[in-house]
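Following: one structure in structure tokens, then a few remarks.
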Amino acid sequence: MPSSLRLEQLRSREAPLEMGSEEFRALGHALVDRIAEFMGSIRSRRVTPAERPEAVRAILGAAETLPEQGTGAEQLLHRAADLLFDHSLLNGHPRFCGYITSSPAPVGVLAELLAAAVNANVGGWKLAPMASEIEAQVVRWIAEFIGYGAGCGGLLVSGGNMANLTCFLAARAALAGWDIRKDGLAGGPRLCVYASTETHTWIQKAADIAGLGTDSIRWLPATAGQRLDLSALRTQYRRDLDDGHRPFLVVGSAGTVSTGAVDPLGELSAFCREHTLWFHVDGAYGAFAAAAAGAPEDLGSLSLADSIAVDPHKWLYAPLEAGCALVREPGALLRAFSYHPPYYNFEVDAVNYFDLGPQNSRGFRALKIWLAFQQAGAAGYRKMIGDDIDLAKHLYSLAEAHPELEALTHNLSITTLRYVPPELRASLGAEQTEAYLNELNQRLLALLESSGEAFASNAIIDGRYALRFCIVNFRTSTADVEAMPQLVLRLGREVHEELKPARAADEPG
Ligand SMILES: *Cc1c(COP(=O)(O)O)cnc(C)c1O
């Protein structure tokens with residue numbers, strides 16, 4: 001029981017974390033000034049400082065223990081800004097073309113501040129009335145933008161992995177054929193999932209987390225153009241039925257993570273309909289391209305999917321994190337996640353997001369997407385995505401036209417290429433040449449990264465080590481794209497000069 005003196009003191013409580021509105025205003029303005037300066041100077045910065053972990057830990061003072069006493073927020077915010085601006089990989093840099101991470105939309109950066117200020121808990125409608133409705137609208141807009149059914153259901157999650165997992169669990173609950181949520185896997189035969197070898201690693205995590213185990217994944221070859229081989233699907237499906245297993249899910253990729261290939265979605269959907277299988281599309285990267293002019297024809301079949309995972313923190317340029325799981329039939333999420341009897345939910349005419357996914361308390365991810373959608377409009381988004389695709393195409397043609405570059409693939413906004421020294425052109429495909437080119441291009445990529453001039457990642461195309469440029473970046477211009485081959489040539493020649501003597505010594509005879 002606190003003493004009455006203590007309670008008296010707490011009448012004018014002074015909490016160490018409280019901040020008066022004047023102080024908040026001053027610190028906020030100063031921080032926004034620093035962020036504006038950072039964004040304004042981003043082009044002249046190194047894309048990455050390429051520092052070793054030990055160096056980063058030393059700068060941070062990683063070994064320091066938790067301070068006992070507090071420090072003024074002004075000083076802390078300045079230090080945090082310094083640390084982050086100077087020791088981060090800048091995916092907002094115009095020459096950042098690695099992985100699939102986008103430049104963050106500035107309006108989204110501001111949205112995060114606003115969302116945190118209100119601190120809506122978008123788990124239940126009552127806890128976040130306006131935020132819940134904004135999320136519902138964003139989910140509808142995302143579906144509308146990619147041409148998915150207007151009556152679909154969905155929710156925002158942290159990213160592509162979680163969106164795919166959410167859909168995976170919806171499929172499992174819908175098609176296992178027994179009450180798998182109650183009885184678990186003991187209730188029936190082995191469940192089988194079909195996907196191409198180009199599928200992102202989320203599928204292994206999902207099969208594991210869902211209790212099926214990774215052996216339940218039937219890996220199908222991705223042959224012509226890195227696309228799933230339909231005849232392999234038919235054969236494997238027959239075999240599984242004959243063995244007494246239960247196929248339930250086929251996964252198609254709308255833009256594979258490695259090369260941006262789009263699986264034959266129309267045919268996959270027809271196969272699933274014929275055999276009563278769930279058809280899921282992993283569109284984490286590529287689904288948004290369905291809206292752009294000249295999109296691959298297969299993206300027109302997105303509407304046939306039972307569920308789709310998309311990633312607003314990729315091609316909608318939302319700051320991390322934001323993924324979205326969509327299901328054609330809204331009840332599918334409720335049946336996979338809710339622990340209320342369904343009638344309870346149908347009585348309320350508003351959505352409680354804790355019923356539709358694995359999370360309970362949920363942040364307000366929708367605001368940054370909602371604002372960016374309106375700032376650019378659908379037309380603005382179609383243009384940005386189309387521009388990214390055209391720039392990737394341009395990079396491919398530049399590589400094609402240059403005798404020391406080999407253009408390997410182009411799909412959506414991903415182009416892969418490699419450096420080939422002129423004297424090795426004639427022996428492309430020979431084992432020794434290929435091994436040498438793999439080593440050369442691997443070193444080239446490391447050098448490119450440490451140069452800080454640009455950032456790319458890698459892909460393996462039929463055993464060949466490729467430099468992979470992925471443009472999900474509204475800041476990248478024609479000049480930036482044209483600088484890439486120049487950089488690759490300069491570094492490629494440099495690495496070749498260095499490796500050549502060793503190679504000559506290895507040569508037989
Ligand atoms: C990025 C990506 C994922 C994973 O998404 P995260 O947002 O990184 O969790 C899954 N599938 C594909 C095709 C992707 O491109």
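What you see is a predicted model, and the numbers here were worked out from it, not measured in a lab. Here, residue 1 is the first one in the sequence, and each next residue gets the next number.
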Is any side-chain heavy atom of [Y] closer than 4.5 Å to one of [X]?
X: I59; Y: D86; result: no
X: Y465; Y: L445; result: yes
X: M384; Y: W315; result: no
X: M162; Y: W202; result: no
X: R418; Y: L408; result: yes
X: L395; Y: P485; result: yes
X: E23; Y: E74; result: no
X: F364; Y: I134; result: yes

(Q) Over 60° means perpendicular and under 30° means parallel, so tell me whether F96 and F455 are parallel, tilted or perpendicular. (A)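 The rings of F96 and F455 lie parallel, inter-plane angle below 30°.
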
Q. Between Y381 and F373, how do the two ring planes meet: parallel, tilted or perpendicular, split at 30° and 60°?
A.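 Perpendicular.
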
Q) So, S301 versus D298: side-chain donor-acceptor pair below 3.5 Å or not? A)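 No, because no side-chain N or O of S301 sits under 3.5 Å from a partner of the opposite role on D298.
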
So, does [X] use its side chain to make a donor-acceptor pair with the main chain of [Y] at under 3.5 Å?
X: T48; Y: L89; answer: no
X: N360; Y: F354; answer: no
X: T416; Y: L467; answer: no
X: S338; Y: R335; answer: no
X: N121; Y: L127; answer: no
X: D263; Y: L265; answer: no
X: Y148; Y: A305; answer: yes
X: S102; Y: K314; answer: yes
X: S307; Y: H280; answer: no
X: H93; Y: R45; answer: yes

Please report the shortest heavy-atom distance between [X] and [Y], naming the atom on each side.
X: A290; Y: L299; answer: N-CD1, 3.6 Å
X: V351; Y: L356; answer: CG2-CD1, 3.6 Å
X: S413; Y: V472; answer: OG-CG2, 4.0 Å
X: L326; Y: C152; answer: CD2-SG, 4.3 Å
X: A195; Y: L228; answer: C-CD1, 4.1 Å
X: I389; Y: A289; answer: CD1-CB, 4.3 Å

Q) So R46 and E51, salt bridge (Lys or Arg N to Asp or Glu O under 4.0 Å) or not? Walk me through it. A) CA-CA 12 Å; R46 289 169 59 94; E51 293 160 321; over 6 Å; no

For the atom pair [atom1] ([X]) and [atom2] ([Y]), what is the distance rounded to the nearest 0.5 Å?
X: L83; Y: R79; atom1: CG; atom2: CZ; answer: 4.5 Å
X: I217; Y: I203; atom1: CD1; atom2: CD1; answer: 5.0 Å
X: W125; Y: D355; atom1: CH2; atom2: CG; answer: 15.5 Å
X: E321; Y: D311; atom1: CD; atom2: CG; answer: 10.0 Å
X: D306; Y: L249; atom1: CG; atom2: CG; answer: 9.0 Å
X: S103; Y: F474; atom1: OG; atom2: CZ; answer: 5.0 Å

Q: Salt-bridge test for E453 and R490: reply yes if a basic N is under 4.0 Å from a carboxylate O, no otherwise.
A: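 A salt bridge links E453 with R490.
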
Q: Any chance you could lay out the side-chain contact (heavy atoms from CB on, under 4.5 Å) test for L405 and Y419, step after step, and finish with the verdict?
A: CA-CA 5 Å; L405 297 174; Y419 176 72; 4.3 Å; yes

Q: Please test L371 against Q375 for side-chain contact (heavy atoms from CB on, under 4.5 Å), starting from the C-alpha separation and ending with a verdict.
A: CA-CA 6 Å; L371 288 172; Q375 190 196 1; over 6 Å; no

Q: In sequence, state the C-alpha distance, the side-chain angles, and the governing distance for F85 and I35, and then conclude on side-chain contact (heavy atoms from CB on, under 4.5 Å).
A: CA-CA 9 Å; F85 294 161; I35 296 170; 4.2 Å; yes

Q: Sequence neighbours left out, what passes salt bridge (Lys or Arg N to Asp or Glu O under 4.0 Å) with E22? Give chain and number order.
A: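 With neighbours one apart ignored, the set is R25.
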
Q) Just one of T214, V193, T197 clears the side chain to side chain contact (heavy atoms under 4.5 Å, CB included) bar with W219, so which one? A)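 Exactly one pass, corresponding to T197.
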
Q: Could you check R362, R365, M130 and say which one makes a side chain to side chain contact (heavy atoms under 4.5 Å, CB included) with E135?
A: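 Testing E135 for a side chain to side chain contact (heavy atoms under 4.5 Å, CB included) against R362, R365, M130 leaves exactly one candidate, R362.
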
Q. Do R181 and Y339 meet the cation-pi criteria used here (NZ or CZ under 6.0 Å from the six-membered ring centre, within 45° of the axis)?
A.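 Output yes; distance and angle both within limits.
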
Q) Do Y285 and S253 pass the side chain to side chain donor-acceptor pair (under 3.5 Å) test, and can you show the C-alpha distance, the side-chain angles, and the key distance before you say yes or no? A) CA-CA 9 Å; Y285 159 49; S253 290; over 6 Å; no

Q: Report the C-alpha separation of V251 and F168 in whole Å, then their side-chain angles, then the decisive distance to 0.1 Å, and conclude whether the side-chain contact (heavy atoms from CB on, under 4.5 Å) test is met.
A: CA-CA 9 Å; V251 175; F168 190 102; 5.7 Å; no

